[in-house]
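Proteins come first, then strands; the chains are lettered A, B, ... in the order of their sequence lines, and each starts at number 1. Since the structure is predicted, the reported quantities are computational estimates derived from the model, not experimental observations.
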Amino acid sequence: MEERYDPKKVEPKWQKYWAEKNLFKTSTDESLKKFYCLEMFPYPSGKIHMGHVRNYAIGDVIARYKRMRGFSVLHPMGWDSFGLPAENAAIKHGVHPSKWTYENISYMKAQLNKLGLSYDWDREVTTCSPDYYRWNQWFFIKMLEKGLAYRKSSYVNWCPSCATVLANEQVIDSKCWRCDSVVVQKQLDQWFLRITHYAEELLAACDELKGWPEKVVVMQKNWIGKSRGAEVVFRVDGVDEDIRIFTTRPDTLFGATFICLSPPHRLAKRLVEDKAELEKITAHYGKIDEKIGLFTGHYAINPMNGEKIPIYVANFVLMEYGTGAIMSVPAHDQRDFEFAGKYGLPIRTVIKPENSAIAQKSGSAEGDTPEGSAEVQKINSTEGNTPPQSTSAVADFRTSELQSAFEDEGVLIDSGSFSGMKSADAKEAIIGYIEDKGLGRGVVNYKLRDWGISRQRYWGTPIPVVYCERCGIVPVPEKDLPVILPEDVKFTGKGGSPLHESATFLDVACPTCGGKARRETDTMDTFVDSSWYFMRYCIEKNDPAIGSKLTAKSAELEYWMPVDQYIGGVEHAVLHLLYSRFFTRVLRDLGITSCSEPFTNLLTQGMVIKDGAKMSKSKGNVVDPDYLIDRYGSDTSRLFSLFAAPPERDLDWSDKGVEGAFRFLSRLWNIVYGNLSRLKETGAQPLDKQAMSGISAAGKALVRKTHQTIKKVTYDIEKEYHFNTAIAALMELVNEMTSFEAKGPEDDRILRFAVEQALLLISPFTPHLAEELWSCLGNDPCILERRWPEWDEELAREEEIELVIQVNGKLRGKTMVPLGLSDEEIKKLALEDPKIKEIIGAGNIRKVIVVKGRLVNIVVG
RNA sequence: GCCGGUGUGGUGGAACAGGCAGACGCGCCGGACUCAAAAUCCGGUUGGGGCAACCCAGUGAGAGUUCGAUUCUCUCCACCGGCACCA
């Protein structure tokens with residue numbers, strides 16, 4: 001046993017061997033069932049971090065496991081390589097973003113290979129390569145043709161520090177997701193993708209995402225934010241204008257006592273005389289400080305009752321949601337209530353609680369015991385649905401001394417012919433009424449807004465349009481794609497895109513009239529790149545027929561899509577994952593794929609935590625994967641990151657835990673090398689049931705444990721990918737092998753069987769070690785091409801079980817019993833147990849419950 | 001505020017689908033080996049009580065359903081995450 005476990009010898013050897021054998025090449029055997037396993041591709045920031053190691057270790061186990069189960073597996077990797085850090089590096093260090101990016105890619109690729117990840121590099125995707133981004137441009141032009149891409153001037157989120165526009169999804173707490181600067185609103189001409197066209201479909205299909213974490217589905221639903229309501233037209237008194245408002249509470253229309261316009265609303269400018277005052281309000285637009293308003297001096301007519309109500313401009317009304325104008329019902333909306341209080345506007349109650357008495361009581365019942373309020377409920381329900389009307393209760397709801405708005409639904413009062421209706425019915429009835437009279441209509445609104453993709457940045461996909469002095473916006477013809485990002489630019493960091501400096505890029509002849517034109521200098525949001533990269537992987541990197549395969553249906557895309565298992569961080573719950581669902585539908589409607597939903601199963605892995613915080617450079621609590629691999633090897637690094645926690649949970653880093661993982665692998669290594677000559681001599685013979693007769697009890701036990709482990713590891717991987725418990729089971733088996741003393745050739749055979757099964761089972765987790773030990777036993781290498789082991793239910797079964805005896809649910813005894821006793825026999829055994837007899841004593845046995853193979857519970861009264 | 005998640009030893013985490021709570025790992029304690037240490041190996045390790053066989057308590061708190069609850073139901077508490085002027 002001279003040979004010690006030294007990953008530095010083992011790991012490079014096998015990495016080289018696999019590469020030479022081209023072992024990770026994607027199978028083209030389309031008769032096999034396919035499995036597309038994908039991990040979110042990294043941004044090439046320089047070096048991989050522990051989060052990557054964890055993410056890719058999870059994916060690699062799945063990919064290797066599925067392959068051993070006989071699937072044809074697609075397991076690719078690539079680089080999300082456009083983005084701001086490259087440009088910042090250019091400004092700071094004077095390196096061209098391209099050089100910086102490709103150097104990082106090459107370093108990180110070597111790191112991934114050192115981890116022994118089973119990627120097919122013939123499908124590598126690099127988004128900053130013209131071969132890739134030309135398709136961004138092609139899709140964009142198709143979307144332009146279909147009206148799914150458009151240009152409009154709008155208020156946008158502007159990060160002053162990054163000097164660029166941000167998507168709503170990139171604004172977190174009014175701050176830039178990248179640099180934390182406070183985002184301001186700025187009016188700009190921008191390109192948008194019409195994701196709202198798919199709002200309803202994206203929402204409805206959320207319910208089909210059975211393989212996604214509930215949490216992510218809920219986040220997507222909330223983000224899309226569907227609400228039903230009505231659009232109602234209010235005439236402006238004395239001015240030939242209409243104000244369209246959106247409300248989800250048409251049942252409160254009679255309670256509207258004023259109107260609020262968003263500051264950018266067209267009519268705000270038209271109706272307000274004092275422009276300086278309007279400016280003040282506009283300055284506070286989009287800020288969450290105080291709510292301020294400005295009376296326009298004009299009135300609107302409530303179409304329901306003809307009443308004249310004042311029109312205000314208010315900073316809190318969003319232009320982007322609904323119509324940019326709201327009706328205010330202070331009695332039934334807390335925000336309106338506060339606004340009305342501040343500006344002395346009337347409050348009119350038009351909804352009362354369905355059961356005023358309850359409201360009164362529960363209002364005063366604060367601090368009551370749960371029993372107390374249950375009683376109130378009970379009394380009310382026995383009273384039926386016509387409780388005595390408390391006149392004072394109604395009066396309370398009408399006074400102007402309300403403490404807060406009553407926001408619940410209820411029964412309409414003071415609402416003309418609709419009085420007495422319940423809110424739900426009244427909504428329908430009022431919508432019907434306004435539709436009949438042409439005063440408005442029922443509508444559905446979404447929080448989801450179109451995706452602004454223009455970025456005033458260099459390192460991204462050029463948006464393929466030109467601006468012609470005569471023809472206006474002209475898309476670049478397909479034959480002229482790709483529009484190549486020029487390299488001859490300067491990085492000053494002085495704001496504005498460096499593309500403005502590139503004359504060769506900027507000046508162009510109009511494709512339509514040949515006249516003078518200027519190229520679009522904005523580039524695309526990098527989230528465009530990642531919205532379809534999973535489809536690009538389906539076709540080999542250098543496939544010459546790529547053009548026909550990405551513009552129409554291809555066998556490759558039809559075979560591989562959708563992704564069967566997607567793995568990545570939860571931080572993309574609404575950004576990348578929603579955009580990808582949108583893009584997949586666009587490509588479907590362009591006839592490129594028949595797939596609507598890109599990711600069948602999604603696993604969102606937890607963060608890597610150390611000392612109570614997420615590992616990050618700024619916190620100074622990072623563990624460098626290079627160091628870890630150098631010290632313990634990749635197998636140990638992979639094993640620990642899979643063992644310390646189930647994949648979806650946060651992983652608490654522990655240096656000691658890593659050592660534990662290394663110790664475990666060393667023990668397995670020592671079992672093989674410590675018994676190598678005998679294990680080799682005995683050879684790999686099948687160990688079936690016939691061979692089992694006449695072997696030692698210890699041998700039988702080890703065979704049993706081996707079969708049990710195969711079963712457990714298989715179950716744990718199949719069900720929820722609980723690798724931590726799978727590894728624990730393997731540790732148990734190794735512990736049992738360690739204490740197993742082989743006393744003859746029969747036992748050697750058994751040990752060899754156990755070892756080989758363990759190596760097959762552990763190979764997806766620690767492929768180098770498995771491969772090394774597998775081949776040193778004299779087996780052919782490439783364990784990945786072996787079949788996953790199967791267990792024999794009969795050999796896995798225990799011969800005896802430990803019967804637990806309970807009395808009144810409390811554990812009172814245990815006894816070994818043979819398998820397969822009848823309930824009656826078990827009952828008898830338990831009742832005859834002297835200790836149990838004593839405990840029961842003179843008690844009266846009321847009932848005996850037998851749970852097969854587990855326990856018996858004696859109920860004594 | 002709304003939505004979602006989590007809560008188990010000293011610690012990371014186990015416990016099929018209501019049936020022995022604490023698998024496996026880490027740490028700690030004891031032992032072997034060693035002049036000694038490290039490494040390795042063996043044993044122990046929820047708390048309290050008892051010489052002991054055993055007994056009592058115990059999965060954030062409180063109730064409920066059940067022969068039996070970490071698991072199901074309700075209320076509450078704490079922490080984490082997401083959204084947040086969306087009319």
Side-chain angles (χ1 to χ4, degrees), chain A residues 172-174 213-219 221-223 225-227 229 245-249 252 260 262 286-291 314-318 320-329 332-336 338-339 369-371 373-374 445-449 570-571 573-574 607 609 640 643-646 648-661 663-664 666-667 670 712 715 719 722 724-732 734-735 738-739 802-814 835 846-861:
Chain A
I172 294 149
D173 282 339
S174 319
E214 178 70 23
K215 174 185 172 178
V216 176
V217 175
V218 169
M219 279 167 79
K221 280 186 182 172
N222 292 344
W223 192 265
K226 178 178 182 170
S227 56
I245 62 98
F246 172 71
T247 179
T248 55
R249 293 293 302 273
T252 64
C260 287
S262 179
K287 288 190 187 166
I288 351 175
D289 42 19
E290 48 165 357
K291 292 174 181 53
N315 71 324
F316 65 87
V317 180
L318 302 171
E320 304 292 330
Y321 183 75
T323 58
I326 60 167
M327 68 171 189
S328 291
V329 186
H332 304 294
D333 180 289
Q334 186 58 26
R335 201 180 30 203
D336 294 344
E338 285 160 22
F339 193 87
T369 56
E371 294 79 32
S373 43
N445 242 310
Y446 300 92
K447 287 189 203 172
L448 182 71
R449 311 205 198 131
V570 73
E571 66 273 18
V574 280
M607 295 180 297
I609 305 285
F640 173 73
F643 176 62
E648 68 281 1
R649 290 251 285 257
D650 285 350
L651 183 154
D652 230 25
W653 189 262
S654 153
D655 293 331
K656 293 286 187 181
V658 178
E659 282 181 34
R663 265 203 290 275
F664 163 65
S666 301
R667 280 213 311 280
N670 291 340
K712 169 89 174 135
Y715 268 49
K719 207 194 102 230
H722 278 179
N724 55 332
T725 49
I727 293 165
L730 280 161
M731 286 172 169
E732 283 187 58
V734 168
N735 288 346
T738 307
S739 50
E802 194 180 36
L803 181 72
V804 168
I805 308 170
Q806 295 183 337
V807 177
N808 288 340
K810 282 197 186 237
L811 175 71
R812 292 301 173 188
K814 292 178 188 181
K835 217 188 109 196
R846 285 216 221 137
K847 206 178 189 188
V848 179
I849 293 143
V850 178
V851 184
K852 270 253 178 308
R854 284 184 196 276
L855 59 68
V856 52
N857 186 18
I858 303 160
V859 187
V860 180

Contacts of [X] that satisfy salt bridge (Lys or Arg N to Asp or Glu O under 4.0 Å) - sequence neighbours left out:
{"X": "A:Asp333", "result": "A:Arg335"}
{"X": "A:Glu732", "result": "A:Lys705"}
{"X": "A:Lys221", "result": "A:Asp207"}

Practice problem: Would you give the length of the straight line joining atom NZ of A:Lys291 to atom CZ of A:Phe339, rounded to the nearest 0.5 angstrom? | Solution: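 These two atoms lie 10.0 Å from each other.
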
Enumerate the protein-to-nucleotides 18-22 of chain B contacts in which both atoms are nitrogen or oxygen and the separation is below 3.5 Å.
{"residue": "B:G19", "atom": "N2", "partner": "A:Gln806", "partner atom": "OE1", "Å": "3.2"}
{"residue": "B:G19", "atom": "N2", "partner": "A:Asn857", "partner atom": "ND2", "Å": "3.4"}
{"residue": "B:C20", "atom": "O2", "partner": "A:Lys814", "partner atom": "NZ", "Å": "2.6"}
{"residue": "B:C20", "atom": "N3", "partner": "A:Glu802", "partner atom": "OE1", "Å": "3.2"}

Quiz item: OP1 or OP2 of B:G82 less than 4.0 angstrom from a side-chain nitrogen or oxygen of A:Lys221, does that happen here?
Solution: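 It does not, given that no N or O in the side chain of A:Lys221 lies less than 4.0 Å from OP1 or OP2 of B:G82.
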
Quiz item: Can B:G9 be described as syn, meaning its chi torsion is within 90° of 0, or is it anti?
Solution: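 Here B:G9 takes the syn form, which means its glycosidic angle is within 90° of 0.
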
Using whole Å, report how far [atom1] of [X] lies from [atom2] of [N].
{"X": "A:Asn222", "N": "B:G1", "atom1": "CG", "atom2": "P", "value": "18 Å"}
{"X": "A:Met327", "N": "B:A87", "atom1": "CE", "atom2": "P", "value": "12 Å"}
{"X": "A:Ile609", "N": "B:U6", "atom1": "CD1", "atom2": "C1'", "value": "13 Å"}
{"X": "A:Arg649", "N": "B:U6", "atom1": "CZ", "atom2": "C1'", "value": "8 Å"}
{"X": "A:Asp333", "N": "B:A87", "atom1": "CG", "atom2": "C1'", "value": "6 Å"}
{"X": "A:Lys712", "N": "B:A23", "atom1": "NZ", "atom2": "C1'", "value": "8 Å"}
{"X": "A:Lys835", "N": "B:C54", "atom1": "NZ", "atom2": "P", "value": "6 Å"}
{"X": "A:Phe316", "N": "B:A87", "atom1": "CZ", "atom2": "C1'", "value": "8 Å"}

Determine the Euclidean distance between corresponding [atom1] atoms of [M] and [N]; express it in Å to zero decimal places.
{"N": "B:A21", "M": "B:U59", "atom1": "P", "answer": "12 Å"}
{"N": "B:G19", "M": "B:U70", "atom1": "P", "answer": "10 Å"}
{"N": "B:C42", "M": "B:C33", "atom1": "C1'", "answer": "11 Å"}
{"N": "B:G7", "M": "B:G12", "atom1": "P", "answer": "12 Å"}
{"N": "B:U8", "M": "B:U71", "atom1": "C1'", "answer": "12 Å"}

Practice problem: Summarise how protein sits on nucleotides 43-53 of chain B as a single string, 5' to 3': B when a protein heavy atom is under 4.0 Å from the base, S for sugar-phosphate-only contact, - for no contact. | Solution: -----------

Quiz item: Just checking A:Asp650: base, sugar-phosphate only, or nothing, at a heavy-atom cut-off of under 4.0 Å?
Solution: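 Sugar-phosphate, no base atom in range.
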
Quiz prompt | Under the 3.5 Å Watson-Crick or G-U criterion, the dot-bracket string of RNA chain B, with | for inter-strand pairs | solution = (((((((..(((......[....)))((((((.......))))))((((....))))..(((((..]....))))))))))))....

Self-check item: Nearest-nucleotide comparison on RNA chain B, the residue closer to the 5′ end among A:Ala325 and A:Ala661
Solution: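 Taking each residue's closest nucleotide, the earlier one in sequence belongs to A:Ala661.
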
Quiz prompt | Residue whose closest nucleotide on RNA chain B lies nearer the 5' end, A:Asp336 versus A:Ile858 | solution =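 So the residue in question is A:Ile858.
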
Options [options], nucleotide nearest the side-chain atoms of [X]:
{"X": "A:Asn735", "options": "B:C67, B:A87, B:C24", "value": "B:C24"}
{"X": "A:Arg812", "options": "B:G4, B:A15, B:C55", "value": "B:C55"}
{"X": "A:Arg663", "options": "B:C3, B:C26, B:A87", "value": "B:C26"}
{"X": "A:Asn724", "options": "B:G13, B:A23, B:A87", "value": "B:G13"}

Practice problem: Report yes if some heavy atom in the side chain of A:Asn857 is under 4.5 Å from a heavy atom in the side chain of A:Val848; otherwise report no. | Solution: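 Side-chain contact under 4.5 Å: no.
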
Quiz item: Is the backbone N or O of A:Met607 less than 3.5 Å from a side-chain atom of A:Asp650, with the two atoms forming a donor-acceptor pair by type?
Solution: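 Looks like yes, one N/O pair under 3.5 Å.
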
